[in-house]
Every structure is written in structure tokens, then in C-alpha cells.
Amino acid sequence: MKIAAVIGEYNPFHNGHALLIKKVKEELGADRVLVLMSGDYVQRGVPAITDRHVRAEMALYGGADLVISYPARWSTTSAESFAENAVRMLNALNCVDYLVFGSECGDLAKLDAAAEALAFETPEYQEALKEGLKEGLNFPSARERALPEHAEVLGSPNNILAVEYLKALKRTKSAMTPYTIMREGNDYLDDKNLTKLSSASMVRRELIRGKNIPGLEIAIPEESFRVLKNDISKYGVTLVDDYSILFADRLWKLGHPALLSKYKDVTDDLANTILNKRNMFVSISEFVGFCSSKTYTQSHVSRAFLHIMLGIKKDEVLDRSYYSRVLGFRRDSEDLFSTVMKNTEIPIMTNPAKDILTMEKNAKKVFDEETRVSNLYQSVRAQKSGAPAVNAFVREIIKV
């Protein structure tokens, strides 16, 4: 059985995602596609618009064979950390043959050349990067300037993540073979109207506006759309500003830079900026703008805020204490489920009440952290919609 893995957020799942899975099976000849999917919080440092079980079910109807969760400790970090930890988790499954990812250029050789330059940094590159940072450039801009021969590749978001996956494969000496598929449809910055291949950003914009939910059928597979529509009609869309009062509480409780800098992505300088400007706080989205700068991008600040709000602290031991949880699988793909469970080196939970009894203590700490932040997500949804919260601990595996 040839197994391919895809790492995704599916926020939400749409036709472009379904097309990639289809191409993995047709072009690459994969028998099964495993998805490692971000949980209730995503890499931009915000909550997902719908919960992980809804997005997993959408993906299963869209062609994925098995969906396992990527906990917030790793799924809400920088592109480099996001990619490396995901690759380490997939390596530990000991059964994945290919890692597949989309890219704007679709040229694996170009992406791999950039990854080689970044995976094994030369002194010249390090000096050029340091110079750019000294001049006040943020890290992505400084890196792009330090590697002008790869600037074209490093200027697009999917290419950047693809390069990070390739770096991680090299650094971990992974047995997985990389495979890239060119992204189809409009760039998210140019996506002005809904089309068959609209980006996730465009779909989210329409959902947030709340005026065009029936029109989203054009951009989402039919059965996946049904799942999304049912959930949105009950809970609405989850937004980062739904957490604003919680974040305000954290701002006033953590009144010293040393307390704030314990959280992931919070540097001493950023901690001082946050505290110096906290009197300006009205909402999270607005406060991100106040605290961003040339040095700290909005994405970096958003991730820092999310980690403060969720209580996710820096911890090198926990950062390597991997576990995952089966969110769902297709009934005709149980062979993949069995293969993963037979070969994995990391805990893959199917029955939390039973599985936690044998988990190593640090993996259990990460599981407890993930359960806590997922239950917080459910509580925010319930408060906003009036519909009952669902305990993340007892959610059943989805089978389609």
C-alpha cells in the first residue's frame, strides 16, 4: 500500500484541497492519503472558523482516507516550526511513503535548491541575514534579501511552506519522498469573487460576512459543504475577537515582562511593547496592529497573543513530546487506520479515557493542554451561539 501524507489546516476544506488529494491518487498513484490536520487553532495565530471535527469530516468527504490531529503546541508556530514538527510526527508513524504539498511554482527542483540553502546555512548567508535584521527588516524580508537567487521562490506563501517541509525532510533525514503539486486558482490576495477554485481566505471572508453561504457551494465539494452549512447554521463562525475579554484578563494578570516572555513566540522586547500599550486594548485584532512593527510581523504577534491567551508556554521537553488523535477515517480505508496504529512510535489516541493510562507523562501533558484549549474553543462557540458545548475529551471518531 502506497501512503501519501498531506499537512493542512482546511480552514475550511474547499475544492482546491479536494483537487490536490485527487491528484495525489491519480498522478502519484497513492493508494491512501493521510492528513495531519491542525486542531482548533491555526498557524496564523487565530482560532479556526469551525472546529476540528467538522473540518475533518469535510476532508473525509473530500477524499482524505484518515485524518489525525496536529495539536496547537505545534500548529500555531512559525512556518519553520510548523513544518519541522509536522514532519517529525509523520516520520514517527513509520508508514508514510510520500509527503505531498502544494506550491505556487510547482517546481520541486527550485524549491529544493532554496531548502538546501536554508537547511545548511553558509556563513555568508548568516551574515547577510544578520545585517538585514540589524537594519530593521523582519525575518522573512531579511531572509529573502540574503538569498536573492531564491527570492522568487521565497516570495509566495505556499512556496515558503513547501521550502520549510523540504528543509525538515533534510534535517530529520526523513524516509518520506517529497512531491509538490502546483496550486490552481487565484492567489488569495487577488481572490475577489467566489469561483470553483477560490482560496480558503476568500471562503472565510464570505462566511464572516454571513451573506453568501449558499453561494459557497461553488467553492466546496457538495458533501463537505453540507457538513459546513449544518455547523455554521448552529454555531456561526468563530473569530479571534470572540476571545478578546479573555485576552484582556491575561493582559492585566500578567503585568510583568518576565511573566509574558514565558509564552511561546513572546520575546522580551515584544513583552515590553505589549505592556506599554495595553491601555490601548479594545480587541485582539486591533491590538495586533498596535504591537506589530518592522521587526514583528502581524502573524508573529498574532501567534504570541494566541499563546498568551491559551497558556501555551515555552518548554523544550514538551515541544518534542508528540502525540496525535484520530479524528476520523473512511470506512473503506480501515487498512490505513490499522497500518498507522500498528507502526507508530508516538501515541495515536482513539479512546482517550483508556489511552491516557499508558501515555508517557510529557505526552500526557501535551494532550491535557490540547484538551483544555479545545474545550475553551467549544465554550467560546457555545457562548456566542447559545448552542451546547461539546466536550473535546469524549468526541467520537468520525466514520464516513
Side-chain angles (χ1 to χ4, degrees), residues 6-14 17-18 21 33-43 46-76 89 200 203-204 207 216 220-239 242 310 323-331 333-334 336-337 340-341 347-353 355-356 366-385 387-400:
V6 176
I7 302 161
E9 294 181 334
Y10 297 160
N11 189 31
F13 189 88
H14 56 65
H17 299 132
I21 291 172
V33 174
L34 178 152
V35 173
L36 178 64
M37 191 192 77
S38 300
D40 293 317
Y41 303 90
V42 296
Q43 202 259 335
V46 297
I49 58 169
T50 58
D51 83 4
R52 57 186 178 176
H53 285 79
V54 171
R55 289 161 29 245
E57 188 173 1
M58 292 178 72
L60 292 169
Y61 278 118
D65 294 294
L66 171 68
V67 182
I68 63 175
S69 67
Y70 191 25
R73 173 159 287 272
W74 305 290
S75 70
T76 59
M89 288 180 67
V203 174
R204 287 196 301 273
L207 283 170
L216 290 175
I220 299 174
E222 182 179 356
E223 284 300 309
S224 302
F225 175 75
R226 177 185 58 78
V227 174
L228 177 65
K229 184 179 179 182
N230 288 343
D231 186 73
I232 295 295
S233 66
K234 185 174 183 180
Y235 289 103
V237 175
T238 306
L239 304 173
D242 296 333
L310 298 181
Y323 94 95
S324 187
R325 183 171 177 178
V326 175
L327 297 178
F329 61 87
R330 295 182 65 88
R331 295 180 189 275
S333 303
E334 282 199 65
L336 174 58
F337 172 76
V340 168
M341 298 307 296
I348 305 291
M349 305 188 84
T350 57
N351 181 347
D355 295 338
I356 58 172
V366 180
F367 167 71
D368 289 342
E369 176 181 82
E370 183 69 3
T371 301
R372 176 177 57 78
V373 301
S374 291
N375 278 330
L376 175 62
Y377 181 94
Q378 293 298 332
S379 296
V380 168
R381 294 180 95 205
Q383 183 181 45
K384 184 174 181 177
S385 65
V390 182
N391 188 334
F393 186 85
V394 298
R395 292 289 286 270
E396 295 184 356
I397 294 174
I398 300 160
K399 300 175 185 178
V400 304

Subject >> Pair Y235-K384, side chain to side chain contact (heavy atoms under 4.5 Å, CB included): steps then yes or no >> reply: CA-CA 8 Å; Y235 289 103; K384 184 174 181 177; over 6 Å; no
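- Residues passing the side chain to side chain contact (heavy atoms under 4.5 Å, CB included) test with A389 are Q378, A382, sequence neighbours excluded.
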Subject >> Test side chain to side chain contact (heavy atoms under 4.5 Å, CB included) applied to E370 and R52, step by step >> reply: CA-CA 12 Å; E370 183 69 3; R52 57 186 178 176; 3.6 Å; yes
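- Listed here is the closest heavy atom pair of P12 and M58: CB-CE, 4.1 Å.
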**OP:** Step by step, work out the side chain to side chain contact (heavy atoms under 4.5 Å, CB included) result for L207 and L228.
**Re:** CA-CA 10 Å; L207 283 170; L228 177 65; 4.2 Å; yes
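- Residues L216 and V203 come closest through the heavy atom pair CD2-CG1, 3.9 Å.
- Within 6.0 Å of the CD atom in E223, the count of heavy atoms belonging to other residues, nucleotides or ligands exceeds 12.
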Return all side-chain donor-acceptor pairs below 3.5 angstrom for residues 392-400, not counting sequence neighbours, or 'none' if the list is empty.
unit_1	atom_1	unit_2	atom_2	d
R395	NH1	D51	OD2	3.1
R395	NH2	D51	OD2	3.3

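- Partner D231 forms a side chain to side chain donor-acceptor pair (under 3.5 Å) with one of H53, R381, R55, R226 and no other, that one being R381.
- Under the ring-ring contact (aromatic ring centres under 6.0 Å, His included) criterion, Y10 pairs with F13, H17, not counting sequence neighbours.
- With sequence neighbours left out, the side-chain hydrogen bond (donor to acceptor under 3.5 Å, both in side chains) criterion links Q43 to no other residue.
- Closest approach of S75 to G39, counting heavy atoms only: OG-N, 4.4 Å.
- Residues meeting the salt bridge (Lys or Arg N to Asp or Glu O under 4.0 Å) test with D355, sequence neighbours left out: none.
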**OP:** In sequence, state the C-alpha distance, the side-chain angles, and the governing distance for V366 and W74, and then conclude on side chain to side chain contact (heavy atoms under 4.5 Å, CB included).
**Re:** CA-CA 10 Å; V366 180; W74 305 290; 3.7 Å; yes
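- Taking both residues in full, the closest heavy atoms of M349 and F367 are given as SD-CD1, 3.3 Å, listed atom of the first, atom of the second, then distance.
- Judged as a side-chain hydrogen bond (donor to acceptor under 3.5 Å, both in side chains), and not counting sequence neighbours, the contacts of Y377 are T238.
- The minimum heavy-atom distance between I49 and N11, with the atom names listed, is N-OD1, 2.9 Å.
- The two residues G62 and I21 have their closest heavy-atom pair at O-CD1, 4.3 Å.
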